[in-house]
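Report on the following structure.
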Amino acid sequence: MDYLDGLNERQKEAVLQTDGPVSVLAGAGSGKTRVLTTRIYHLIRTGVAPEKILAVTFTNKAAREMRERLGAKLGEQVAVWKKGSIPFVATFHGLGRELLETYGRSMGIPRHFTIFDRDDSERAIKNALKELGIDPKELAPRAILSLISKAKGDGMTAGEYGEKHGRQSFRARVTSDAWHKYDAALAKEKALDFDDLIAKSVRLLETDAEARRLVQERFHYIHIDEYQDTNELQGKLAALLTGDRKNLFVVGDIDQTIYTWRGATIDNLLEFDRAYPSAKTIVLEHNYRSSSTIVEAANQIIEKNKNRKEKSSVTDNGPGERIQVHMAGTAEEEARFVAEESARRIREGAEPEDIAVLYRTNFQSRALEEAFLQRGIPYRLLGTQFYDRKEVKDVIAWTRLALDPSREADLVRAVQFPARGIGKVTLGKIIAGQRDTFKPAERAKVEAFEKTVANLHEAAKTLPPSELIRLIIEQSGMKAAYEKGGEDDLERLLNAQELATIASRHDETPGEEGVAAFLADIALVGDQDEMDRPKSDDRKTKKGVTLMTVHAAKGLEFDIVFVTGMEEGLFPHEGMNPEEERDQEEERRLFYVAVTRAKNALYLTLARVRRIYGTDYLQDPSSFLNDIHGSLVEYAYADRPGEDIIEL
């Protein structure tokens, strides 16, 4: 078994422990992805049919990387397997989509359903509030949606929520009523939202014995990455998938649990051996990523947390540079320091994409962006901005309409761009089914639009997804409309055309199946997917320093990392309850995640004065800085760079 060469003893133990429940406590940089992929490869090499293996990750990017690593290991063997005879690797939401598309008929779920993104859901909640006579300015749709999302994460339906909370307060009563209308809107559009993908999958497997039998027979070996970030419902889904075999292999790091605010529970990993009494626990402590200075600092940071399992990382790497703690006078000066240091590192040979600038809250990015722009340093602001652009959403609406012309919300968006003389009154008549009231001019315009949709609907049945996207841009009139405009419109056209490049990932499955898979993928896109989104023209291939929140950085690594805003009240964030030990421990875990993103060089920066929401505040250095021993750190003021000081 030469594929085990290079693994340490603990890693080999994890790979070779193939049967029964196994939990792997994997520290930062400990090679957990290698362990996961090698274990799956080992199962296949020892006779397990590839299609019997399931691997679940938390981001599309991680899922793609795992598929690529497996593909590299399996090599030419992939070509000789029959279609579909490969391990199923997906995110939790991607798995939910697969389960509901394949087995959800008993719950009335259509084969090709739409997945509402956050904007779709907020718009539907806003309409529901208006129907209830509630001003959306008084009760924000986003707040109502968050309550619904949390309740769905707890496994509740609209009816169950109403029975339990509906009479507790005005907000709870409105949430209950709005939820019922929201569900009706989802059903009308043949849609589910992100939370439904998990909640309905669990309900399906709990209530449909035949579907449960088929799924448990389909997947004999279950692997779940980042298990510390699962919520109660995802833990229940894992148990339903494994059934009596209990071949559940979970990998996680309690010290990197940073999503409890959105429902994740540390208890799924902490109490794994209680849920699965025969479980074997393996601890991976060897850090292959970071310098010994960074590893030692990370240990000092996280050891103060009590709600964890004992684990201390070790490394064979050299000490590298001392950690730089830099205090600037203002946030603008802090940003200039970060930009100048980035420029110096790049001059000395660092690639811009090897540098990351992390911050606790999004408002911090403004000063940083300005500093990088003024200095002329290429940068990329990580997020899903590409998919939020109007032109991209327009193409997506047209594509969903081509797949199913009955979708009202997509019809409303598609008919408005490119402009074709169909106004709100005519649109209202279409939706209300009042075609007999059309004037001749209205009828001609509507029939022309419907003919275009019908042609695209036929094309969607046979064309590869990328060709369908190109046809949509052409036949909808988008290409002609943008080509008549200026440089900004040409940029929008390039963005629209870039969707064809993304869709080409599914060209091997032409027709409705491929189109539906493409739409599902982009509906489930995450922040990190922006990093390796394919580029369609030379102007967009420019890489740069990555700017992002610490939460978005989880799972990534960079040679050089700046953690900015190291001030009390900002990091740790004052929004956390100082009386709640778990809140404080989560902030420390978040700092641990930030520090362990760095391989060779780490900067911790702060400002003495920071303007927050228009008011200047005198800031104290973060208490987290005291967790790191002084021997690992070099301190400096903005006006005395490189000069050691005893304390900030």
Salt bridge (Lys or Arg N to Asp or Glu O under 4.0 Å) between E557 and R597: does it pass, once the steps are laid out? CA-CA 5 Å; E557 59 183 48; R597 298 314 91 198; over 6 Å; no

For ring-ring contact (aromatic ring centres under 6.0 Å, His included), just list the numbers for Y635 and H326, CA-CA rounded to whole Å, side-chain angles, deciding distance to a tenth of an Å, and then say yes or no. CA-CA 6 Å; Y635 298 96; H326 179 90; over 10 Å; no

Give the C-alpha distance, both sets of side-chain angles, the deciding distance and a yes or no for side-chain contact (heavy atoms from CB on, under 4.5 Å) between V250 and F272. CA-CA 9 Å; V250 303; F272 186 82; 3.7 Å; yes

Test F571 against H573 for ring-ring contact (aromatic ring centres under 6.0 Å, His included), laying out the working first. CA-CA 5 Å; F571 202 1; H573 198 270; 9.1 Å; no

Test K61 against E65 for salt bridge (Lys or Arg N to Asp or Glu O under 4.0 Å), laying out the working first. CA-CA 6 Å; K61 184 175 185 295; E65 288 176 353; 2.6 Å; yes

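Between Y182 and F116, the angle of the ring planes lies from 30° to 60°, which puts this pair in the tilted group.
For the pair K152 and D193, the salt-bridge criterion is met [side-chain N within less than 4.0 Å of a carboxylate O]. Residues E285 and K311 are not paired through a salt bridge, judged by the lack of any N-O separation under 4.0 Å between the basic side chain and the carboxylate. Between R203 and E160 there is a salt bridge, since at least one side-chain N of the basic residue sits less than 4.0 Å from a carboxylate O of the acidic one. Ion pairing of E303 with R588 is absent here, as no side-chain N (NZ or NE/NH1/NH2) approaches a carboxylate O to less than 4.0 Å. Ion pairing between R308 and D255 holds under the 4.0 Å rule for side-chain N and carboxylate O. Taking 4.0 Å as the cut-off between side-chain N and carboxylate O, R360 and E567 do not count as a salt-bridged pair. Checked for salt-bridge contact, R610 and D616 miss the test: no charged N lies under 4.0 Å from a carboxylate O.
Side-chain polar atoms of S631 and H629 form a donor-acceptor pair below 3.5 angstrom. No hydrogens or angles considered: nothing links the side chains of N299 and Y592 as a donor-acceptor pair under 3.5 Å. Side-chain contact check for Q228 and E226: at least one donor-acceptor pair (N or O, by modelled atom type) lies under 3.5 Å. There is a side-chain donor-acceptor pair under 3.5 Å between S623 and E568.
In this structure, S121 contributes its side chain and R118 its backbone to no donor-acceptor pair below 3.5 Å. Under the 3.5 Å distance criterion, the side-chain polar atoms of D267 are left unmatched by any main-chain donor or acceptor of L270. In this structure, S30 contributes its side chain and G27 its backbone to a donor-acceptor pair below 3.5 Å. The closest donor-acceptor contact from the side chain of Q11 to the backbone of L284 lies at 3.5 Å or more, if one exists at all. Between the side chain of S313 and the backbone N or O of H286 there is no donor-acceptor pair closer than 3.5 Å. In this structure a side-chain-to-backbone donor-acceptor pair under 3.5 Å is present from N268 to N231. Checking side-chain atoms of S149 against main-chain N and O of L145 turns up no donor-acceptor pair under 3.5 Å. Under the 3.5 Å distance criterion, the side-chain polar atoms of E634 are left unmatched by any main-chain donor or acceptor of V325. In this structure, Q256 contributes its side chain and G252 its backbone to no donor-acceptor pair below 3.5 Å. Formation of a donor-acceptor pair under 3.5 Å by the R289 side chain with backbone atoms of K599 is not found in this model.
The number of heavy atoms from other shown groups lying within 6.0 Å of NZ (K150) does not exceed 12. Taking a 6.0 Å sphere around NZ of K32, one finds it holds more than 12 heavy atoms contributed by other residues, nucleotides or ligands.
Aromatic ring centres of H223 and Y221: separated by at least 6.0 Å.
In this structure, T59 OG1 and D225 CG are separated by 8.5 Å, a value rounded to the nearest 0.5 Å. Rounding to the nearest 0.5 angstrom, the gap separating the OG1 atom in T37 from the CZ atom in R67 is 13.5 Å. How far OG of S23 is from CD of E271: 12.5 Å, rounded to the nearest 0.5 Å. We find the CZ-OG1 distance between R322 and T293 to be 9.5 Å, quoted to the nearest 0.5 Å. With values rounded to the nearest 0.5 angstrom, D196 atom CG is found 9.5 Å from H93 atom NE2.
Not counting sequence neighbours, the partners of A211 by the side chain to side chain contact (heavy atoms under 4.5 Å, CB included) test are Y103, L204, D208. Applying the side chain to side chain contact (heavy atoms under 4.5 Å, CB included) criterion to T38, with sequence neighbours excluded, gives Y3, L4, L7, V15, R34, K73.
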In a table with atom names and distances, give each donor-acceptor pair under 3.5 Å that connects a side chain of residues 238-246 to protein atoms at least two apart or in another chain.
residue: T242; atom: OG1; partner: A238; partner atom: O; Å: 3.4
residue: T242; atom: OG1; partner: A239; partner atom: O; Å: 3.0
residue: R245; atom: NH1; partner: Q216; partner atom: O; Å: 2.9
residue: R245; atom: NH2; partner: E217; partner atom: OE1; Å: 3.3
residue: R245; atom: NH2; partner: H220; partner atom: NE2; Å: 3.1
residue: K246; atom: NZ; partner: G243; partner atom: O; Å: 3.3

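Residues V545 and V357 meet the side-chain proximity criterion, which asks for heavy atoms closer than 4.5 Å. The shortest side-chain heavy-atom distance between V295 and N317 does not fall under the 4.5 Å cut-off.
Residues H551 and L590 approach most closely at CE1-CD2, 3.6 Å, considering heavy atoms. Nearest heavy-atom pair, S292 versus P319, reported as atom, atom and distance to 0.1 Å: OG-CA, 3.0 Å. Pairing each heavy atom of F92 with each of T230, the nearest pair is CE1-CG2, 3.6 Å. Among all heavy-atom pairs drawn from L100 and S201, the shortest one is CG-OG, 3.6 Å.
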